[in-house]
Amino acid sequence: MYAILKECPLFRGLTAAQIEDILADKGKYALSEYRDGDLIAQRDTAYSGLMIIIKGKVHGKMTYASGRSADIEPIEAPQLIAPAFLFGGYNKLPIDVIADGDVTIMTIHRGYIFELMQNNVVIMSNFVDILSNRANVWSKKIYYLSFRSLREKVANYLLDHTHADNSVLLMPDIAETASYFDATRSALQTVLDEMAKKRLVRRDGDSVVVLNPQGLRDILK
C-alpha cells in the first residue's frame with residue numbers, strides 16, 4: 001500500500017517508509033472496499049475525510065434539476081477524490097462518486113490532514129499544488145462554458161491540445177470526451193464529422209488530426 005501512496009500527489013517526494021511512519025497510527029485513517037457500480041459517496045454529503053484511491057478506478061456523476069445526468073471523467077489510483085472540498089465553509093461533495101470495478105479507498109480524517117500539513121512541509125506544499133492545479137482545471141472548464149456552441153468548444157479544445165510539432169490528439173473514448181463538454185456522444189460525433197468534411201480535421205481511428213488550425217481559429221472569431 002505504501003508503495004502505491006508514494007505515487008499519490010499528496011505524498012509525492014516522500015519514501016514508502018516515510019509514509020508508513022506518517023500513517024503508523026491506523027486510527028487516523030480507514031480502508032473501504034467497493035464493488036463495480038457501488039456508490040462510494042453521495043452528492044451533498046459532508047466531506048469530513050480525504051478519500052484516496054488505493055486500488056481501481058472511480059467516476060463522478062452529476063444529476064441536474066431536469067433529471068438528466070452526466071458522468072465526470074474517471075480517476076484512477078492513487079489519485080485524490082475532491083480535495084478542494086475538504087476544507088472551507090461548504091465542505092460537501094458536488095457529485096456522486098461511483099466505483100468502476102473493484103475499488104479500495106483510504107479515507108484520512110480532515111483533522112489529521114491538517115495536522116500532517118502543520119508537521120510536514122512536503123505534504124503542505126503538495127496539497128497547495130493540488131488545489132492550485134484543480135483551480136486551473138476548473139478555470140479552463142469555465143472558459144469552455146463561455147463558448148456559445150459545441151462547435152466552438154471543440155475547436156478551442158483541439159487548438160489547446162495540439163501544436164505545430166504534434167497535430168494529433170488521441171480520443172480513445174469519445175463518450176468521455178463528450179461528457180467533458182456536457183454534450184452527447186452523437187453531438188460531438190456530428191461536430192467532428194462536419195469539421196472533417198470541411199477538411200479542418202481528419203479522423204484516424206482513435207485520433208483526431210488537425211489539418212487547418214487557422215480554420216479552427218476562425219470558428220472562434
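By convention here, the first residue in the shown sequence is residue 1. Values below: all heavy atoms of this structure, side chains included; hydrogens, waters and symmetry mates excluded.
Side-chain atoms of Asn212 never come within 3.5 Å of backbone atoms of Leu200 as a donor-acceptor pair (strictly under, hydrogens ignored). At distances below 3.5 Å, not a single donor-acceptor pair connects side-chain atoms of Glu194 with backbone N or O atoms of Val191. Checked by atom type and distance alone, the side chain of Asn166 never pairs as donor or acceptor with a backbone atom of His163 at under 3.5 Å. Between the Asn133 side chain and the Asp129 main chain, a donor and an acceptor come within less than 3.5 Å of each other. In this structure a side-chain-to-backbone donor-acceptor pair under 3.5 Å is present from Asn120 to Ile123. Thr45 places a side-chain N or O within donor-acceptor distance of the main-chain N or O of Gln42, the cut-off being under 3.5 Å. The closest donor-acceptor contact from the side chain of Arg43 to the backbone of Pro94 lies under 3.5 Å. Proximity of a side-chain donor or acceptor of Ser125 to a complementary backbone N or O of Val121 within less than 3.5 Å is not detected.
Under a cut-off of 6.0 angstrom, the local environment of CZ in Arg110 is crowded, with over 12 non-hydrogen atoms contributed by other residues, nucleotides or ligands. Counting heavy atoms of neighbouring residues, nucleotides and ligands inside a 6.0 Å radius, atom CZ of Phe114 does not exceed 12 of them.
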Legend entry - Ile113 vs Tyr29, side-chain contact (heavy atoms from CB on, under 4.5 Å): CA-CA, chis, key distance, verdict: CA-CA 10 Å; Ile113 291 291; Tyr29 69 88; over 6 Å; no

Inset, instruction - May I have the step-by-step check of side-chain contact (heavy atoms from CB on, under 4.5 Å) for Ile98 and Val58, ending in yes or no? - result: CA-CA 6 Å; Ile98 300 167; Val58 308; over 6 Å; no

Legend entry - From CA spacing to verdict: side-chain contact (heavy atoms from CB on, under 4.5 Å), Leu188, Val154: CA-CA 8 Å; Leu188 176 57; Val154 173; 3.5 Å; yes

Legend entry - Residues Ile174, Leu192; criterion side-chain contact (heavy atoms from CB on, under 4.5 Å); working and verdict: CA-CA 10 Å; Ile174 195 168; Leu192 291 173; 3.9 Å; yes

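The two atoms that bring Lys28 and Glu115 nearest to each other are NZ-OE1, 4.3 Å, heavy atoms only. Closest of all the heavy-atom pairs between Gly49 and Leu86 is C-CD1, 3.7 Å. In terms of heavy atoms, Gln79 sits closest to Pro9 at OE1-CG, 3.6 Å. Between Ile19 and Phe11 the shortest heavy-atom distance is CD1-CB, 3.6 Å. A pairwise comparison of heavy atoms in Ala16 and Tyr2 identifies O-CB, 3.7 Å as the closest pair. Phe85 and Lys92 make their closest contact through CD2-O, 3.5 Å (heavy atoms, listed as atom of the first residue, atom of the second, distance).
In summary, the side chains of Asp218 and Gln214 do present a donor paired with an acceptor at a separation below 3.5 Å, with no hydrogens or angles considered.
Going from atom CD of Glu152 over to atom CG of Leu220 covers 6.5 Å, rounded to the nearest 0.5 Å. Ile54 CD1 to Ile105 CD1: the interatomic distance, rounded to the nearest 0.5 Å, is 8.0 Å. Expressed to the nearest 0.5 Å, how far CD1 of Ile52 lies from CD1 of Ile81 amounts to 9.5 Å. Here the CG atom belonging to Asp100 is positioned 14.0 Å from the OH atom belonging to Tyr34, to the nearest 0.5 angstrom. Note that the CG atom of Leu10 and the CE atom of Met117 stand 8.5 Å from one another [nearest 0.5 Å]. In this structure, the separation between CZ on Arg202 and OG on Ser207 is 9.5 Å, given to the nearest 0.5 Å.
Cluster membership check: Leu116 shares its hydrophobic cluster with Phe87, using side-chain heavy-atom separations under 4.5 Å among Ile, Leu, Val, Met, Phe, Trp and Tyr. Taken together through direct or relayed side-chain contacts under 4.5 Å among Ile, Leu, Val, Met, Phe, Trp and Tyr, Ile108 and Met124 form part of one hydrophobic cluster. Clustering ILVMFWY residues whenever any of their side-chain heavy atoms sit less than 4.5 angstrom apart, transitively, puts Leu93 in a cluster other than the one holding Leu39. The cluster map of Ile, Leu, Val, Met, Phe, Trp and Tyr, joined by side-chain heavy atoms under 4.5 Å apart, puts Leu216 and Leu211 in different clusters. Under the 4.5 Å side-chain heavy-atom criterion for ILVMFWY residues, no single connected hydrophobic cluster contains both Leu158 and Val168.
When hydrophobic residues (I, L, V, M, F, W, Y) are linked wherever their side-chain heavy atoms come within less than 4.5 Å, Val128 remains an isolated member.
Lys57 pairs by the salt bridge (Lys or Arg N to Asp or Glu O under 4.0 Å) definition with nothing, not counting sequence neighbours.
The pair Asp102-Lys55 fails the salt-bridge criterion, with no side-chain N (NZ, NE, NH1 or NH2) lying under 4.0 Å from an Asp/Glu carboxylate O.
Applying the side chain to side chain donor-acceptor pair (under 3.5 Å) definition to pairs two or more places apart or across chains, those involving residues 9-24 are Thr15-Gln18.
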